[in-house]
Number of protein chains: 2
Amino acid sequence: MGRPSSFLDETVFAAVANCLVEQGEVRLQAVTATARVSTGSIYHRFGSREGLMAAAWLDAVGAFQDRFLAALEAPATSPGLAAALVTPAFCRDEVARALILTTGRRSEMMSDKAPPDMRARLDQLNGRSRAGLETFAREQGLPIERVRLALIGIPLGAVRLYLPDKAVPESVDGDIGTAVAPLLSAR
Amino acid sequence: MGRPSSFLDETVFAAVANCLVEQGEVRLQAVTATARVSTGSIYHRFGSREGLMAAAWLDAVGAFQDRFLAALEAPATSPGLAAALVTPAFCRDEVARALILTTGRRSEMMSDKAPPDMRARLDQLNGRSRAGLETFAREQGLPIERVRLALIGIPLGAVRLYLPDKAVPESVDGDIGTAVAPLLSAR
DNA sequence: CCCATAATAGAACATTTTTTCTAGAACATA
DNA sequence: TATGTTCTAGAAAAAATGTTCTATTATGGG
């Protein structure tokens, strides 16, 4: 019951991503102008600027991890390759979330003053992700740091060469595969 | 003649790096407190907040490129490898500059409102860097995008896994070499 | 020792940004 | 249609941030 909301979280998050990329910072005025939502609505839904930033960050992190962990845990002929390619794929079909993930700094998106429950939720997500990586590393008999580099560091480094300007070209998938393969072969 | 300056640019830049990492943003008050320099002095030397940010960015970019291009142009048995390893080395012995380079966003460090001469200087630096990469790519008969990934994207992705928290371990050098080698072999 | 110069210091000022607050709009239910 | 509820709207207030300005300090040269 009550008045229905007139905008989606997604729209506001996209505005956050846009500000991050265009201005290099997130000003509430810029967000409300971009998303065409009043400040009252923002505060009604997110409580504060910190709450908004935290919400956008959690949304992006959660969406990415869902896909990443699914790819990581699925059986494959080249273990890890699919997970490494989640990053470029994510950049292509979830542009706003990807921009937040790649250009947002954790310390600004989830500040010390963010709502405690949201901070807890982030810890939970990160724990889940870490566990997934550790399991994979153990199963493959690889050092965890090498796995982090192959599945996270390199794909991120690759897509950041293109964001925010242009789209991530298909060719990076092959290059990521080339770079990652030798790291994932047991030595 | 005149009163001698009582602090180094370097000290202020380090404070900028610190703020970037700790707070996720650069507030002048935080910079003056961290560097123990008065606002008057900051304005006297850098003119404005934008001027300070631009100066810190130029300093970091210039220092990195000097080492990167030197490594790129030096004759080597594994062409490109030394250049790829400049990034982790830079993180180890130029921590503040490396933090600015890895965590600062270009759009916030060198904003549209930065002093025009500083913007021009940055363009000049970037042009020099691009030329170096293109020359290398041509000489090696490799696509420029593959070179950018191997020499910039991957090393950056690797060190970002560690910064800002811990130091970059020696082991990443080997892993970077492993990942980069197949990208730099002519196909 | 006095002056010119160049820098520092920090309070006062101005501007920008965030937050609050009151009014009103949209919907469900009875 | 009356009522309770949830949301939107945007101006006003509050807080935070950036900038200016005057006084002061430190150094070298006449």
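Throughout, a chain's letter reflects where its sequence line sits, starting with A, and its residues are numbered from 1.
At a threshold of 4.5 Å between side-chain heavy atoms, the hydrophobic network of Ile, Leu, Val, Met, Phe, Trp and Tyr places I144(B) and Y162(A) in one connected group.
Taking the side chain of M1(A) as heavy atoms from C-beta on, and the options dA9(C), dA28(C), dA11(C), the nearest nucleotide is dA28(C).
Across all strands, V26(A) comes closer than 4.0 Å only to sugar-phosphate atoms, never to a base (heavy-atom distances). In this structure, S5(A) reaches the sugar-phosphate backbone alone: every heavy-atom distance under 4.0 Å involves primed, P, OP1 or OP2 atoms, never a base.
One finds no side-chain N or O of R3(A) lying less than 4.0 angstrom from the OP1 or OP2 phosphate oxygen of dA25(C). In this model, the phosphate group of dT8(C) is not approached by any side-chain N or O of R36(B) to a distance below 4.0 Å at OP1 or OP2.
The distance between atom CD of Q29(A) and atom C1' of dT19(C), rounded to the nearest whole Å, is 14 Å. Nucleotide dT16(C) holds its P atom 16 Å from the CG atom of L28(B), rounded to whole Å. The distance between atom CE of M53(A) and atom C1' of dT17(C), rounded to the nearest whole Å, is 13 Å. For the pair E25(A) CD and dT18(C) C1', the computed distance is 14 Å after rounding to whole Å. At whole-Å resolution of the value, NZ in K113(B) and C1' in dT16(C) are 10 Å apart. Taking atom CZ on F46(B) and atom C1' on dA7(C), their separation rounds to 13 Å, with Å as the unit.
Protein chain A contacts DNA chain D over a range whose 5' and 3' limits, counting nucleotides with an atom under 4.0 angstrom from a non-hydrogen atom, are dT5(D) to dA11(D).
Remark: R49(B) fails to qualify as a cation-pi partner of Y43(B) under the 6.0 Å distance and 45° angle criteria applied to the six-membered ring.
Ring geometry for F64(A) against F90(A) counts as perpendicular: the plane angle is over 60°, on a 0 to 90° scale with 30° as the lower cut.
Each of R27(A) and G47(A) was matched to the nucleotide of DNA chain C holding its nearest heavy atom; the match closer to the 5' end belongs to R27(A). Annotation: of the two residues near DNA chain D, F7(A) and R49(B), the 5′-most nearest-nucleotide partner is F7(A). The residue among P4(B) and G40(B) whose nearest nucleotide of DNA chain D lies closer to the 5′ end is G40(B).
Under a cut-off of 6.0 angstrom, the local environment of CD in E10(A) is sparse, with at most 12 non-hydrogen atoms contributed by other residues, nucleotides or ligands. Other residues, nucleotides and ligands place more than 12 heavy atoms under 6.0 Å from the CZ atom of R128(B).
Between I154(A) and the options V159(A), V180(A), D175(A), a side-chain contact (heavy atoms from CB on, under 4.5 Å) holds for only V180(A).
Note that the CZ atom of F13(A) and the CD1 atom of I100(A) stand 7.5 Å from one another [nearest 0.5 Å].
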